[in-house]
Amino acid sequence: MTRRSLAVVVLAAGEGTRMKSRILPKVLHGFAGRSLLAHVLAAVEPLGAEHTLVVVGAGRDQVIAALPATARAVVQDKQLGTGHAVAVALDALPSDAAGTVLVVPGDAPLLTTTTLRALVADAADVTMLTSELDDPTGYGRVLRHEDGSIRRIVEQKDASEHELRVREVGTSVYAFDATLLREAVQRLSTDNAQGEQYLTDVVGLAVADGRQVTAVRAPAAETAGVNDRVQLAAAARLYNDRLLHEHMRAGVTVLDPASTWVDAGVRLEPDVVLLPGTDLHGDTTVAAGAVVGPHTSLTDTTVGAGSRLQRVVAVQARIGADVTIGPFAYLRAGTVLADGVHVGTYVELKNADVGAATKIPHLSYVGDATIGEQTNIGAATVFVNYDGVAKHHTTIGSHARTGADNMFVAPVTVGDGAYTAAGAVITKDVPSGALARSSARQQNVPGWVAERRPGTAAAKAAEEAGADRQDEERPTP
Ligand code: UD1
Ligand code: CA
């Protein structure tokens with residue numbers, strides 16, 4: 001069976017004044033890593049339409065710049081109404097284009113492909129998507145005849161008190177017979193409360209012409225439009241719940257869905273555990289058995305099987321299997337951790353390639369580095385990668401043991417199995433198997449406190465401990 005040809009028209013020319021944004025047109029606000037418009041286009045995409053037109057107007061340059069290659073912009077210069085917007089879009093289609101035109105508003109990010117498919121599959125001349133709302137305020141109301149058949153839609157501002165009591169609303173989503181739509185939008189008047197050409201009036205015109213008009217119902221959780229930032233947050237919450245339910249049904253544990261946020265593209269294998277306060281963004285993948293959280297934020301990051309991350313922020317990092325990170329670690333772009341690595345508390349890594357089972361346990365900055373396998377980096381180490389002008393690389397071999405409080409002044413290389421002493425400032429290469437020391441030898445000045453800080457608590461404590469005075473004679477050791 002060949003499907004009738006399909007064109008999709010996305011209405012996105014409105015300014016969205018209720019968003020009160022100086023930065024973005026409404027349809028470019030978003031959540032879960034996508035704009036409102038991108039959510040709509042993602043729902044439409046699997047339908048495989050021959051044409052996907054996006055009607056743009058307010059903030060058009062920004063909207064056009066954000067469009068995927070599969071969608072084409074059509075400019076509606078003045079926002080004369082939803083009917084006018086559709087007429088402008090139809091003018092951009094081949095004049096003999098027949099088949100179905102699916103109209104969707106750019107501000108309805110919760111629409112699903114399944115529902116849109118049902119709408120397109122319906123054989124009526126006009127099929128509209130409707131919802132039953134507890135509070136239908138602001139929406140167009142669906143008026144039906146005694147026998148339940150559809151009569152027309154009346155907008156909130158044009159409705160009588162009686163009509164306002166109807167709780168079934170139009171959602172601005174319709175599948176139209178293309179020829180009917182093309183002819184009907186030419187007949188729209190502006191004789192209404194807003195002086196606009198209403199797309200909703202096409203429904204009444206089609207009914208009056210004796211055409212077949214039906215409705216498909218969908219829950220409000222799918223059809224809700226976003227007009228202000230309260231509705232944006234509500235839609236984000238609904239969408240997140242939907243995604244998390246899908247992940248949980250596929251075997252992911254999410255202990256606290258209310259504080260766990262995942263973007264649309266995030267991939268989670270079964271037996272991943274997400275602990276409270278965790279947010280996963282962009283192209284992030286977590287493998288089976290990994291435990292992420294609490295309070296961990298990952299962007300474009302890969303986590304291997306069985307790894308454990310607590311209170312970690314990571315951006316563009318690749319984390320192997322059985323890695324332990326945190327609490328309180330920051331992995332920046334280009335961090336690559338092989339299997340079994342341990343990164344501990346207050347450690348920051350950037351552009352760092354760390355070999356299997358190597359440990360960086362405490363208080364360190366590792367920037368622009370390659371570290372081999374099973375090496376231990378001492379506490380409070382800084383990879384001094386920046387000379388004020390350019391960044392340089394440090395290489396440390398396998399099975400090395402570097403002392404606490406080291407500075408590796410790049411470019412510098414430490415060989416396999418080398419040691420460095422505590423407090424070393426490493427400015428020259430360290431050969432394999434060598435110990436590098438750089439700090440001056442310790443010198444004690446006996447009795448200095450009693451002499452220079454007499455009467456202080458320290459001096460008293462020293463005296464009670466039986467400390468020598470500097471001017472007293474001391475036995476040679
Ligand atoms: C519209 C419907 C209403 C429905 C509601 C569902 C009409 C007249 N009313 O009302 O019955 O219940 O959606 O959310 O259709 N747009 C353009 N060009 C224009 C005007 C609007 O592209 O000239 C776009 C807007 O950017 C938006 C969509 O069309 O994406 C709907 O417009 P909006 O002003 O939000 O309509 P509502 O008042 O919500
Ligand atoms: Ca709207």
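Counting starts at 1 for both ligands and their atoms, following the listed order.
For ligand 1, the polar-atom distance check against G14 finds a nitrogen or oxygen pair separated by under 3.5 Å. Checked by distance only, ligand 1 and G140 come closer than 3.5 Å through their nitrogen or oxygen atoms. Checking only distances, A13 does come within under 3.5 Å of ligand 1, N or O to N or O. At a 3.5 angstrom cut-off on N or O pairs, L199 does not count as close to ligand 1.
Contact detail for V202 and A184: the closest heavy-atom pair is CG1-CB, 3.9 Å. Shortest non-hydrogen contact noted between Y239 and A264 is OH-CB, 3.5 Å.
Atom 4 (C) of ligand 1 has its nearest heavy-atom neighbour, among G170, A224, G57, P136, in G170. Distances from atom 8 (C) of ligand 1 to the heavy atoms of T82, N192, V63 put T82 nearest. Closest heavy-atom approach to atom 23 (O) of ligand 1 among the candidates A12, G83, G81: G81.
Counting heavy atoms closer than 4.0 Å to ligand 1, residue E155 contributes side-chain atoms (C-beta onward) but none from N, CA, C or O. Contacts with ligand 1 closer than 4.0 Å are made by no heavy atom of V27, backbone or side chain. At a 4.0 Å heavy-atom cut-off, ligand 1 touches Q76 through the side chain alone. By the criterion of a heavy-atom distance under 4.0 Å, neither the backbone nor the side chain of A108 is placed next to ligand 1.
Under a 4.0 Å criterion applied to the non-hydrogen atoms of G106, ligand 1 contributes the atoms 30 (O). Contact atoms of ligand 1 toward S172: 1 (C), 2 (C), 4 (C), 5 (C), 6 (C), 13 (O) (distance under 4.0 Å to a heavy atom of the residue). Interface of A85 with ligand 1, defined as ligand atoms under 4.0 Å from a residue heavy atom, comprises 17 (C), 18 (N), 22 (O). Each of the atoms 6 (C), 12 (O), 14 (O) of ligand 1 lies under 4.0 Å from some heavy atom of Y139.
One finds a salt bridge joining D77 and R60 here, because a Lys/Arg side-chain nitrogen approaches an Asp/Glu carboxylate oxygen to under 4.0 Å.
Of the N and O atoms on the side chains of E196 and H84, not one donor lies less than 3.5 Å from an acceptor on the other residue. Side-chain atoms of Q197 and T190 form no donor-acceptor pair, as typed in the model, at a separation below 3.5 Å. Counting only N and O atoms by type, the side chains of T284 and D300 include no donor and acceptor under 3.5 Å apart. A side-chain N or O of N227 and one of K26 form a donor-acceptor pair less than 3.5 Å apart. Between the side chains of D158 and Y198, at least one donor N or O lies within less than 3.5 Å of an accepting N or O.
Between H39 and F31, the ring center distance clears the sub-6.0 Å criterion.
Not a single heavy atom of G225 sits under 4.0 Å from any atom of ligand 1. Residue L80 places a heavy atom under 4.0 Å from ligand 1.
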Using distance only, find each side-chain donor-acceptor pair of residues 340-348 under 3.5 Å and give its atom names and separation, not counting sequence neighbours.
{"residue": "H342", "atom": "ND1", "partner": "T324", "partner atom": "O", "Å": "3.4"}
{"residue": "H342", "atom": "ND1", "partner": "T324", "partner atom": "OG1", "Å": "2.7"}
{"residue": "E348", "atom": "OE2", "partner": "R332", "partner atom": "NH1", "Å": "2.6"}

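For residues 352-366, the set of pairs meeting the side chain to side chain donor-acceptor pair (under 3.5 Å) definition, not counting sequence neighbours, comprises Y365-N385.
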